[in-house]
Amino acid sequence: MKNLRKELPLLSTTNYLNTASSGLLCDSLLNFRQNHDLDFLIGGSVFRDSQQDFLNSVRKTITIFFGNSSGDTVLTPNFSLGLNTILNGLDKNKKVLLLDEDYPSINFAVTSKGFKVCYAKIDANLEQNIENALQKHKPDIFALSLVQYISGIAIDLDFLKALKTKYPDILIIADATQFCGTRTFDFNTSGIDILGCSGYKWLLGGYGNGFILFKEGVLEKITPTNYKVASKDSHYDSSYTNLIARFECGHLDTLNFGSLKHSLELLTDIGVSNIEKKVNELSVYTKTQLQELNLLEECVIKRKSHSSIFNIKGDHSLFEKLTKQNIITSLRGAGIRISLHFYNTTGDIEEFINALHRYR
């Protein structure tokens, strides 16, 4: 992992604790992007002649990386656009279960479209709160982030799997933008029906790329009837009218999706299990250190396991002090958020904690 830090030039001058805001650009990805645009420069439209084959290779890479061999893989510029396309096609009389204070791209997208909504509270008893809400409100859809962007609280994936077994008719939609790239994951065997992700954070893919995974038969199920009827009656090429085209309308940027493909191949070479081990070690170490300083919320302390995102007690003044010391964090919620990826070290945490002591 130490050698991998050389691929990320920013780490030589900066203590970067902010992957939950944006992942870093690595040297090899920069080389790919430069070569891509050079080929475009000298090739013009000829360069795009093989775009469909290339984009198919991107879908294949995503499918293999996340284990979606039996379902559909759709490319989207980001999670939010994909989710809104899904929601626009669903019956607005459906009831949706949300987590209170979840990512606005989920909660506002749902509430602004007129769905019936109910909530489960995010705290140390998250899974039980969800179970209680399901029994009480009997929603048709459950939409959530797998990892909370402010607190870092992560849902138990085994719980989601059991939930789907117990409530097979509920449609589970998950935002995995703060999850994908931090641990091994097999979509085929998960309890999730639809999983979406933007690639610019933990996948280190840069901006303008993302994907949505659908379990087998789910894409057909959530496509509006009028779209399917119009598609069958159309004389246009199927690439304009098939079920995936509702999400992939217009041109897809081979630079952005090629960047995602390149980064997934890099993470594969590193080994996702190795990444998971390193991220878990950093998470446990950081939680222990911050807990000793009484900087964590009780709901985080009581959780058996946690992501590598932490929100500590702190204000704008502390944030500015950290920034001046080249310690990059984010102001989120009522505190300061730090987030650790495989390229971070315990030394980064120690430097951060020493800065907190100096500030105090």
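Excluded from the calculations below are hydrogen atoms, water molecules and symmetry mates; all remaining heavy atoms, backbone and side chain alike, are included. Source: prediction; values computed, not measured.
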Looking at every non-hydrogen atom in both residues, tell me the closest pair between [X] and [Y] and how far apart they are.
X	Y	result
Asn188	Ser69	ND2-OG, 2.8 Å
Ile155	Ile130	CD1-CD1, 3.5 Å
Gln325	Ala355	OE1-CB, 3.8 Å
Leu160	Ile172	O-CD1, 4.3 Å
Thr254	Gln51	CG2-CB, 4.2 Å
Leu8	Leu25	CD2-O, 3.9 Å

Find out if a path of hydrophobic residues (ILVMFWY) with successive side-chain heavy-atom gaps under 4.5 Å connects [X] to [Y].
X	Y	result
Val284	Phe310	no
Phe179	Leu204	yes
Phe142	Ile122	yes
Ile270	Leu203	yes
Ile244	Ile222	yes

Looking only at the side chains, is there a donor atom on one of [X] and [Y] sitting less than 3.5 Å from an acceptor on the other?
X	Y	answer
Arg246	Thr223	no
Thr73	Thr63	yes
Ser145	Gln178	no
Asp175	Thr177	yes
Ser283	Ser308	no
Thr85	Asn88	no
Asn132	Gln128	yes
Tyr167	Glu131	yes
Asn311	Ser151	no
Asn129	Asn125	no
Asn84	Lys113	yes

Exercise for review: Not counting sequence neighbours, list each pair that qualifies as a ring-ring contact (aromatic ring centres under 6.0 Å, His included) and has a residue in residues 189-229.
Suggested key: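 Residue pairs passing ring-ring contact (aromatic ring centres under 6.0 Å, His included), neighbours aside: Phe66-Phe211, Tyr200-Tyr207, Trp202-His341, Phe214-Phe247.
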Point to revise | Qualifying ring-ring contact (aromatic ring centres under 6.0 Å, His included) pairs with a residue from residues 85-126, counting only residues at least two apart or across chains | key: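 Applying ring-ring contact (aromatic ring centres under 6.0 Å, His included) to every pair that reaches into residues 85-126, excluding sequence neighbours, yields Tyr103-Tyr149.
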Test your reading of the model: is there a side-chain donor-acceptor pair from [X] to the backbone of [Y], 3.5 Å cut-off?
X	Y	result
Asn209	Gly206	yes
Lys201	Ser198	no
Arg332	Ile150	no
Lys278	Asn344	yes
Asp193	Val218	no
Asp102	Leu144	no

Taking NZ, NE, NH1 and NH2 as the nitrogens, is one of them in [X] or [Y] under 4.0 Å from a carboxylate oxygen of the other?
X	Y	result
Glu127	Lys304	no
Glu101	Lys121	no
Lys302	Asp123	no
Asp156	Lys161	no
Glu265	Lys261	yes

Point to revise | salt bridge (Lys or Arg N to Asp or Glu O under 4.0 Å) assessment of Arg5 paired with Asp348 | key: CA-CA 12 Å; Arg5 285 173 65 91; Asp348 293 337; 3.5 Å; yes
Might you confirm whether atom [atom1] of [X] has over 12 heavy atoms from other residues, nucleotides or ligands at distances under 6.0 Å?
X	atom1	result
Glu297	CD	no
Lys95	NZ	yes
Tyr240	OH	no

Check your understanding: With respect to Leu290, which candidate in Ile338, Ile349, Val300 satisfies the side chain to side chain contact (heavy atoms under 4.5 Å, CB included) definition?
Key ->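 Looking at Ile338, Ile349, Val300, the match for Leu290 under the side chain to side chain contact (heavy atoms under 4.5 Å, CB included) is Ile338.
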Practice item. With side-chain hydrogen bond (donor to acceptor under 3.5 Å, both in side chains) as the test, would you mind laying out the steps for Asn326 and Thr14 before giving the verdict? Key: CA-CA 5 Å; Asn326 290 325; Thr14 303; 4.9 Å; no
**Study point:** Transitive ILVMFWY cluster of Phe47, excluding itself - 4.5 Å side-chain cut-off
**Key:**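 Traced through the cluster, Phe47 reaches Phe40.
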